[in-house]
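Notes to accompany the following structure.
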Number of protein chains: 2
Amino acid sequence: MNKKSITSYDVAKAAGVSQSAVSRAFSPGASIAKATRDRVLQAASDLGYQPNAIARSMSSARIETQQKSGMVGVVVTRLQDPFFSRTIAGLSQNIQARGWQMLLFTVESESEVDAAMNSLMQYKIDGAIIMSAILSDQMAETCQLRGIPVMLYNRSADGLNVNSVQIDNVEGGRLAAEFLLEAGHERIAFVGGEEDDETSKARESGFVDRLSEDGIKLLFHEEGNYTFESGREAALRLFSRNQRPDAIFCASDVMALGVLHAARYELGLEVQKDFSLLGFDDIPEASWPGHSLTTIRQPIRRMIVEAVDVLVENMQDPEMLTRRTSFAGKLILRGSCRRTVL
Amino acid sequence: MNKKSITSYDVAKAAGVSQSAVSRAFSPGASIAKATRDRVLQAASDLGYQPNAIARSMSSARIETQQKSGMVGVVVTRLQDPFFSRTIAGLSQNIQARGWQMLLFTVESESEVDAAMNSLMQYKIDGAIIMSAILSDQMAETCQLRGIPVMLYNRSADGLNVNSVQIDNVEGGRLAAEFLLEAGHERIAFVGGEEDDETSKARESGFVDRLSEDGIKLLFHEEGNYTFESGREAALRLFSRNQRPDAIFCASDVMALGVLHAARYELGLEVQKDFSLLGFDDIPEASWPGHSLTTIRQPIRRMIVEAVDVLVENMQDPEMLTRRTSFAGKLILRGSCRRTVL
DNA sequence: ATTCAATTTGCATGCGCATTCAAAACGAAA
DNA sequence: TTTCGTTTTGAATGCGCATGCAAATTGAAT
């Protein structure tokens, strides 16, 4: 079985040049005569030669080369979540467009992030993007020592020296509260993520703060896990109590849709009339006609571009200062909320 | 700036052994005394050493080693689609569990698959999974020559020598037709993918064949592109004609939900009563209370496991015979269809 | 204590490429 | 034609690791 791969030596022989020449032909900006390069490229194409990226990053390991492994590690949780799958799709496209490949690692929980980074680092990734999670101080230090730029997406780490791109969750929460207050709501519930979820906590804190400024206290707090089912169950619990909320703010659209479906189709409630519903993210499903979910939109496209831009810049300039970008959420008005005081 | 990475030589020195010993300590099954291994591992952990996967696959390039690059290339389109993001999430977990990493490449259209494979092959991937697309004969040949096992997911290639895992789309279409016929439908429409989409064509052919066996001719054929929006638009077109369908079969759940939302919330129709709606895939959204979409379920978990199992087997045994697995779809009865003849 | 097989170890080498350095080829000016 | 600066070229080297091979060590059996 002939599975020997074609090396630069094979091409060199075919083109009647040295191996160095072949290497140069494939290195933009290298010192090589046009005629030689053409001859090499022709031979390469005849033989079906492709430079071996592994060997390439191997030899460039010693010097400060532009491209090293050519891979960016991405650590992600909850890939099934529309918000994340959209983000991954966007990141992937942007990373590829910039000439890198994406080495993807999915983890079940935040505690696995460090292990994931260790795995990825064995591949000498040039940089890493971590979604909705943080790394340990120790891991951050390791990355810095190894010169691997890190980008936190949907999270930030105050103490640590790592880049981050995220939405201002506290302000987003405030925005939500503001809107519900203006519409005159008073019996307000919040459906968040698990107890230790930073994102959820931030959204809730902004939300609750703003409410309390108007003297309103949160009526109920329900805990979910960012799935539709958990939103659905939260709704069932919420509406089974004596006192019913007249507005519900959910830490994510998926959970809000869970609430919506439960309320409308299982409890026979009328969204907007019986209670206002507010989500967070603005996933595509939120705008489906039957959902028409009012929500706080994350400027996901811009966030993705920013994340990749900054990471690429940092990969090219290791000395770059840590960059933390915070985007503002925007209220997207749809049918799930009443707009004026009754 | 000290960004020199720790090599096996550093560990060797620290542990007072040779570099070979360090290498052996990290190679399961290598000939090394337990005492030595422990000493090496201790030193390694002290120094924060991790073997360099790149160099590793570099040196093992020459021999028939078990693990080569340790990476599996995955080419995917339409990552935003719930069906695909779920699949990617599952694949990722399974691949990692088997000790491989996933190098992800997203493409916009099927024509980019060959280029994607070329990119991935530069990284000397040990195997590849291609979702919902096929590769050219030439590329298949190249892979075979290079000894890179390929797994087609959601597609198969009769002429080519590549593994595949997919659902029996023709049979799925028949199943759909069967069900609608039993319920006594006669004015039946089909909403598919783009004209040259193989998956859609297969589902439609099975569907139309079964209909014609009962002397029913397809009333309308609408073309979509597997997005919610395209389903929605198809519905608007379908119901704007004089003759209205009494049943609609969509080539994917996402499109079916587009039809559902348009019909119910924009046209004021009552699903099930005014027409039956049938999807394909059984994505989570199909079972949401407000959707209750009857659909043909793909056994996605089993398909994923099978795909990874076969690929891994093939990576370990390059001589393995080409394996093509076809799963049967299952009708999942929900509220969007009437069940008996009126 | 001696022998011999089994186990463990280190040395040396190569994986495929990029790059350094010195030699060669070229080109323009004299 | 000669000279000198410029460009192009090839030989040699190392990136970090795994492994073949031979030397060294161990341990069991005599």
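Chain identifiers are assigned alphabetically (A, B, ...) following the order of the sequence lines, protein sequences preceding nucleic acid strands; residue numbering begins at 1 within each chain.
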Open item on the list: Among A/L91, A/I95, A/V165, exactly one meets side-chain contact (heavy atoms from CB on, under 4.5 Å) together with A/I304. Which residue is that?
Closed with: A/L91
Rounded off to whole Å, could you give me the [atom1]-to-[atom2] distance for the [X] and [N] pair?
X	N	atom1	atom2	answer
B/N52	D/dG16	CG	C1'	6 Å
A/Y9	C/dG14	OH	P	11 Å
B/Y123	C/dC17	OH	C1'	14 Å
A/K13	D/dG10	NZ	C1'	16 Å
B/M58	C/dT13	CE	C1'	14 Å
A/K124	D/dG16	NZ	C1'	9 Å
A/M121	D/dG16	CE	P	16 Å
B/I54	C/dC17	CD1	P	14 Å

TODO: Identify, with sequence neighbours excluded, every residue that meets salt bridge (Lys or Arg N to Asp or Glu O under 4.0 Å) alongside A/E198.
DONE: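 Only A/K201 meet the salt bridge (Lys or Arg N to Asp or Glu O under 4.0 Å) criterion with A/E198.
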Task: Test salt bridge (Lys or Arg N to Asp or Glu O under 4.0 Å) applied to B/D46 - qualifying residues, sequence neighbours left out - done: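 Residues passing salt bridge (Lys or Arg N to Asp or Glu O under 4.0 Å) with B/D46: none at all.
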Partner set under side chain to side chain donor-acceptor pair (under 3.5 Å) for [X], not counting sequence neighbours:
X	result
B/S132	none
A/R39	none
B/Q138	none
A/E112	none

Without placing hydrogens or testing angles, list every side-chain donor-acceptor pair under 3.5 Å for residues 25-35 of chain A, not counting sequence neighbours.
residue : atom : partner : partner atom : Å
A/S27   : OG   : A/S23   : O            : 2.9
A/K34   : NZ   : A/D38   : OD2          : 2.8

TODO: Quick one: which residue pairs count as a ring-ring contact (aromatic ring centres under 6.0 Å, His included) with a foot in residues 131-163 of chain A, not counting sequence neighbours?
DONE: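 Sorted pair list comes back empty.
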Open item on the list: Does anything in residues 148-160 of chain B form a salt bridge (charged side-chain N to carboxylate O under 4.0 Å, His left out)? List the pairs, not counting sequence neighbours.
Closed with: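 As it turns out, the salt bridge (charged side-chain N to carboxylate O under 4.0 Å, His left out) pairs with a partner in residues 148-160 of chain B, which skip direct neighbours, are B/E110-B/R155.
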Task: Residues in contact with DNA chain D, drawn from residues 17-36 of chain B - heavy-atom cutoff 4.0 Å - done: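 Of all residues in residues 17-36 of chain B, the ones placing a heavy atom under 4.0 Å from DNA chain D are B/Q19, B/S20, B/S23, B/R24.
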TODO: Within residues 37-51 of chain B, find the residues that approach DNA chain D with a heavy atom at under 4.0 Å, and present them sorted by residue number.
DONE: B/Y49, B/P51
TODO: Kindly calculate the angle separating the two end axes of the helix from C/dA1-D/dT30 to C/dA30-D/dT1, each obtained from five base pairs, and round it to 10 degrees.
DONE: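 About 40°, once rounded to a multiple of 10°.
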Open item on the list: D/dC17, OP1 or OP2 - any side-chain N/O from B/R56 closer than 4.0 Å?
Closed with: no
Task: Over 12 non-hydrogen atoms of neighbours within 6.0 angstrom of CZ in B/R301 - done: no
